[in-house]
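A short write-up of the structure that comes next.
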Amino acid sequence: MKNLFLRSIASLAAVAAIFALTTGPAIGQTAKQAPVAKNGTQPKTSWGDPDLQGTWTSDDCIGTPLSRPANFGDRLYFTEQELAQRQSQLAKQQQNDLQESVAPDQRVGTGPPAHWGERARRPCKQTSLIVDPPDGKIPDLVPEARTRKVWLNAAGYEANNPKADSWEDFGYYIRCISRGVTGSIFPVIYGNGQQIVQAPGYVSIMQEMVHEARVIPMDGRPHASPNIRSYMGDPRGHWEGNTLVVETTNFLGNKTGIGGNGNGTPTSDALKLTERYTRIGPNEMHYEVSIDDPKTFTRPFKVAFPLTQEPGYQNFEYACHEGNYAMFDSLSGARAQEKRAAEAAKKK
C-alpha cells in the first residue's frame with residue numbers, strides 16, 4: 001500500500017516545525033506511580049476546570065512497540081545508557097532529515113523523503129506502550145476472538161501481497177473510515193496530532209489522521225442506549241482532581257483493533273475504554289488508557305505514554321478519501337491479474 005502512504009502523507013501539505021525539549025518520566029519509575037502535576041503548572045479555564053487545551057502529539061514514542069520485546073522482561077524503562085544511544089540515533093536522523101530537505105536530489109531510495117514524516121524529538125523512555133501487565137505483553141485472545149478476520153493494513157498488503165477480492169479485505173483505516181479510539185492516539189509514523197478544545201460541560205478532541213472528532217459530555221449524563229453504537233463509541237467524561245477521565249462504551253463490534261491505526265484483531269461490542277489525561281508540566285501530559293473487552297482478551301490491560309506540546313505543531317488536513325488511489329488501484333490491479341490468468345489458461 002505504498003501508494004496510499006505516499007498520497008496520504010502528501011495531503012498533509014507540511015509537517016510540524018521546530019520542536020522544544022521537555023522532560024519525561026524518571027528512570028526506574030514504575031507503572032503504578034500516578035503522575036502528579038507540578039506546582040504552578042496546572043492552568044485553569046475561565047470556568048474553573050483544568051485547562052488541557054492545545055495540540056498535543058505522541059511523536060516521542062514513534063517506534064515504541066505496543067507489546068514489550070522479550071529481552072526486556074518486566075523492565076518498563078530504558079537505562080540511561082540505552083537512552084543516550086537512542087538520543088544519538090535521533091540526532092543522526094534529524095541531521096539526515098535536514099540534509100534531505102536542503103538537497104532532495106541527493107536522496108537515496110524510492111520512498112518519500114524522511115522529512116515528510118514525523119519523528120521523536122527526544123527518546124521515549126518506555127520499552128513498550130503496554131504498562132500493565134508487568135511483562136508488557138498484550139493478553140491472549142479468548143477463543144471467540146481467534147476466529148475473527150484480521151483485515152489487511154498497508155504493511156500486511158506489501159508483505160503478503162494478497163489478491164484483493166473486495167474492498168472489504170482491507171481494514172477500516174485503509175478504507176479511510178476510522179482508526180478507532182486507541183488507533184487514533186497511539187503513536188504511528190505521522191499524523192499524531194490531538195487537538196483538545198474545552199467549553200463549559202464539554203471536552204472535544206480532534207485527531208489529525210482521518211480527522212476523527214470526539215465530543216465528550218462532562219455533565220454526568222448516562223451513556224446512550226446500547227442500541228446506539230459507533231466506530232468511536234459513546235464517551236462520557238468527568239474530573240478526578242486535575243485528571244480528565246473519559247469512559248467510552250457503545251462500540252460497534254468487529255471493526256478496529258487495539259493497535260496503531262486500529263490494526264490487530266478487531267475488538268467486540270463489549271469493549272470499554274477508560275482514558276486518563278493528566279497535565280504534568282507546561283508542555284507535557286500523561287496519557288493512559290485501560291482496555292477491557294472480555295469478548296476479545298483474557299484480561300484487561302493498560303497502555304500509557306507521554307503527550308507533548310511543541311512550538312509550531314498543529315493539525316493539518318488529512319484528505320484520506322481524496323487521495324486514496326491505492327484502494328482503486330489494488331482492486332483494479334487484482335482484476336487485471338485475474339484477466340491475464342484467464343487468458344493464459346485459454347491458451348494452454
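Computed from heavy atoms alone, side chains included, the values below leave out hydrogens, waters and symmetry copies.
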Next item on the list: Measure from the side-chain N and O atoms of Glu212 to the backbone N and O of Met206, and report whether any donor-acceptor pair falls under 3.5 Å.
Entry: no

Next item on the list: Spell out, as yes or no, whether a donor-acceptor pair under 3.5 Å connects the side chain of Asp293 to the backbone of Lys295.
Entry: yes

Checklist line | Gln195 side, atom CD; Thr55 side, atom OG1 - distance, nearest 0.5 Å | finding: 4.0 Å

Margin query: Looking at Val246, is its backbone amide N or carbonyl O close enough to the side chain of Thr274 to form a donor-acceptor pair, meaning the two atoms are under 3.5 Å apart?
Written below: no

Check: Are a donor atom and an acceptor atom from the side chains of Asn250 and Arg229 found within less than 3.5 Å of each other?
Finding: no

Margin query: Quick one about Arg148 and Thr296 (side-chain donor to acceptor, distance below 3.5 Å, no hydrogens or angles considered), yes or no?
Written below: yes

Check: Under 3.5 Å, side chain of Asp269 to main-chain N/O of Leu252, donor-acceptor pair present?
Finding: no

Check: Heavy-atom count around Lys92 NZ within 6.0 Å, excluding the residue itself: above 12?
Finding: no

Notebook entry, point to check: Should the heavy atoms of other residues, nucleotides or ligands under 6.0 Å from NZ of Lys137 be counted, would the total exceed 12?
Noted result: yes

Check: Would you call Arg122 and Glu310 a salt bridge, taking side-chain N to carboxylate O under 4.0 Å as the test?
Finding: yes

Checklist line | Side chains of Asn242 and Lys44, donor plus acceptor under 3.5 Å | finding: yes

Next item on the list: Identify whether Trp56 and Tyr318 are in the same connected component of the hydrophobic contact network (ILVMFWY, side-chain heavy atoms under 4.5 Å).
Entry: no

Checklist line | Side-chain touch Leu129/Pro187, heavy atoms, less than 4.5 angstrom | finding: yes

Note to self: Side chains of Gln89 and Gln94, heavy atoms from C-beta outward: is any pair under 4.5 Å?
What the structure shows: no

Check: For the salt bridge (charged side-chain N to carboxylate O under 4.0 Å, His left out) test, which of Arg299, Lys302, Arg68 pairs with Asp132?
Finding: Arg299

Item checked: Side-chain donor or acceptor of Thr267 paired with backbone N/O of Leu271 under 3.5 Å -> no

Notebook entry, point to check: Any salt bridge between Glu82 and Lys125, counting N to O under 4.0 Å?
Noted result: no

Notebook entry, point to check: Can any side-chain N or O of Arg75 pair as donor or acceptor with the backbone N or O of Tyr77 at less than 3.5 Å?
Noted result: yes

Margin query: What's the separation between atom OG1 in Thr308 and atom CG in Asn283, rounded to the nearest 0.5 Å?
Written below: 8.0 Å

Note to self: Contact between Arg175 and Trp167 at the side-chain level, heavy atoms closer than 4.5 Å - yes or no?
What the structure shows: yes

Notebook entry, point to check: What is the distance from atom CZ of Phe301 to atom CD1 of Ile291, rounded to the nearest 0.5 Å?
Noted result: 3.5 Å

Item checked: From Glu118 atom CD to Asp59 atom CG, the distance as rounded to the nearest 0.5 Å -> 4.0 Å

Note to self: Is it true that Thr249 and His223 share a donor-acceptor pair across their side chains at a distance under 3.5 Å?
What the structure shows: yes

Check: What's the spacing between Ile138 CD1 and Ser128 OG if we round to 0.5 Å?
Finding: 11.0 Å

Margin query: Can you confirm whether Glu343 is buried at CD, in the sense that more than 12 heavy atoms of other residues, nucleotides or ligands lie under 6.0 Å from that atom?
Written below: yes

Check: Does a side chain donor of either Gln198 or Gln53 reach within less than 3.5 Å of an acceptor in the other side chain?
Finding: no

Next item on the list: Determine whether more than 12 heavy atoms belonging to other residues, nucleotides or ligands lie under 6.0 Å from atom CH2 of Trp239.
Entry: yes

Check: Given side chains that start at C-beta, do those of Thr256 and Tyr173 come closer than 4.5 Å, heavy atoms only?
Finding: no

Note to self: Donor-acceptor check, side chain of Arg279 to backbone of Pro282, threshold 3.5 angstrom: yes or no?
What the structure shows: yes

Margin query: Does Lys339, at its NZ atom, have more than 12 non-hydrogen atoms belonging to other residues, nucleotides or ligands within less than 6.0 Å?
Written below: no

Check: Counting only N and O atoms by type, is there a donor-acceptor contact under 3.5 Å from the side chain of Glu208 to the main-chain atoms of Phe316?
Finding: yes

Item checked: For the student: nearest non-hydrogen atoms of Tyr190 and Met209, plus distance -> O-CE, 2.8 Å

Next item on the list: For the pair Asp51 (side chain) and Thr45 (backbone), establish whether a donor and an acceptor sit closer than 3.5 Å, ignoring hydrogens and angles.
Entry: no

Check: Centroid-to-centroid, Tyr231 to Phe251, below 6.0 Å?
Finding: no

Notebook entry, point to check: In terms of side-chain geometry, is the basic nitrogen of Arg276 or Glu240 positioned less than 4.0 Å from the acidic oxygen of its partner?
Noted result: yes

Next item on the list: If the plane angle is over 60° it's perpendicular, under 30° parallel, otherwise tilted; pick one for Phe305 and Tyr287.
Entry: tilted

Check: Between Asn324 (side chain) and Ile174 (backbone), is there a donor-acceptor pair under 3.5 Å?
Finding: yes

Next item on the list: Could you tell me the separation between the CG atom of Leu66 and the CZ atom of Phe186, rounded to the nearest 0.5 Å?
Entry: 6.0 Å

Next item on the list: Would you kindly say whether Thr248 and Arg214 are connected by a side-chain donor-acceptor distance under 3.5 Å?
Entry: yes

Check: Do the charged groups of Lys149 and Asp169 touch, with an N to O distance under 4.0 Å?
Finding: yes

Item checked: Which atom of Arg86 lies closest to which atom of Pro123, heavy atoms considered -> CB-CB, 3.9 Å

